[in-house]
Amino acid sequence: MSIANIPIQKINVNQIKNCLYEMRVYSQSIIDKDYQLIKKSFELAVTNEILSKNPFDSNLKLKKPKSEKKEKKVESLTIDEQNKILEVIRNSDIDLKFKIIILLGLHTGMRCGEICALRPSDIDNKSGFIIVNRTTTRDEKGHVTLHKEDTTKTENSRREIPINQEVEHYLKIAKSNFKFNP
């Protein structure tokens, strides 16, 4: 049961419990975020004197649900798989910009959106690091856009990636073909 369209003053504890119960079909990260938003909404309603009591403060057991989804195991490519990708890229006529994206992703572990959001100022050759602090995303129409603020997929996605010789080579090629896109 969605409580999104019910005025907060009319939401009862059973509706909240049902909403939380139904959230179990989502991933745990989505559940964590939604639970915090719902809980914070009730806190703000009390602070702003819209409600006199926060149902999350009482002994009503409005606990965060656990996801029923199985956690996905992340598997990296084997050396053989990496070599096959490199062989295909070397022996194909794939557009250079796509080759660079694939090669940088393969050698750095960066996401495609992070690579596409790189600016020359994110490459610090003195310290030997790529600074990842933004990504691209898709808007409601499906168009790829750069986040308006410097943000990444998650806070832990902000990082510095060491530049080895191969990565330095690909970055030089990318810089020489760089076209500013406001």
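Fair warning: this is a prediction, and the values are worked out from it, not measured in the lab.
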What about Ile89 and Val167, same hydrophobic cluster or not, with Ile/Leu/Val/Met/Phe/Trp/Tyr joined at side-chain heavy-atom distances under 4.5 Å? yes
Under a 4.5 Å cut-off applied to non-hydrogen side-chain atoms, are Cys19 and Ile38 in contact? yes
Pairwise distance CD1(Ile100) to CD1(Ile173) - rounded to 0.5 angstrom: 4.5 Å
Do you know which two heavy atoms are closest between Met110 and Arg159, and how far apart they sit? CA-NH2, 3.8 Å
Do Thr135 and Arg111 have side chains that get closer than 4.5 Å, going by heavy atoms? no
Is any side-chain heavy atom of Lys33 closer than 4.5 Å to a side-chain heavy atom of Gln36? no
Glu87, CD atom: more than 12 neighbouring heavy atoms under 6.0 Å: no
Closest heavy-atom contact between Pro65 and Leu20? CG-O, 3.1 Å
Can you check whether Leu104 reaches Leu171 side chain to side chain, under 4.5 Å on heavy atoms? yes
Do Asp34 and Met23 come within less than 4.5 Å of each other through their side chains, counting heavy atoms only? yes
Determine the minimum heavy-atom distance between Lys39 and Asn54, stating which atoms define it. O-ND2, 4.3 Å
Might you point out which heavy atoms bring Ile8 and Ser41 nearest each other, and give the distance in Å? CD1-O, 3.7 Å
d(Ile101 CD1, Leu106 CG) to nearest 0.5 Å is 13.5 Å
Distance-only polar pair, side chains of Asn164 and Glu168, donor-acceptor under 3.5 Å: no
All heavy atoms of Asn125 vs all of Lys175, minimum pair found to be ND2-NZ, 3.5 Å
Just wondering, do Glu81 and Ile85 contact through their side chains at under 4.5 Å, heavy atoms? no
Taking the six-membered ring of Tyr21 (Phe, Tyr or Trp), confirm whether the NZ or CZ of Arg24 is under 6.0 Å from its centre and within 45° of its axis. yes
Leu77, Tyr170: one ILVMFWY side-chain cluster at the under-4.5 Å cut-off? yes
Is the backbone of Ile131 close enough, under 3.5 Å, to the side chain of Glu160 for a donor and an acceptor to pair up by distance? no
Nearest 0.5 Å please: distance from the CZ atom of Phe42 over to the CG atom of Leu51. 6.5 Å
For the residue pair Asp32 / Ser29, report whether a side-chain donor-acceptor contact shorter than 3.5 Å exists. no
Relative to the ring of Tyr35, is the ring of Phe56 parallel (under 30°), tilted (30 to 60°) or perpendicular (over 60°)? perpendicular
Any side-chain to backbone donor/acceptor pair from Asn48 onto Ile50? Under 3.5 Å, distance only. no
Can you check whether Arg119's main-chain N or O pairs, donor with acceptor, with Asp122's side chain at less than 3.5 Å? yes
Ignoring hydrogens and angles, tell me if any N or O in the side chain of Thr136 forms a donor-acceptor pair with the backbone of Val144 under 3.5 Å. no
So how far is it from Asn177 CG to Lys172 NZ, rounded to the nearest 0.5 Å? 14.5 Å
About how many Å separate CD1 of Ile6 and CD1 of Ile11, when rounded to the nearest 0.5 Å? 5.5 Å
Lys84 and Asp80 ion-paired at < 4.0 Å: yes
Which atom of Lys69 lies closest to which atom of Val25, heavy atoms considered: CE-O, 3.3 Å
What is the distance from atom CG of Leu86 to atom CG of Leu103, rounded to the nearest 0.5 Å? 6.5 Å
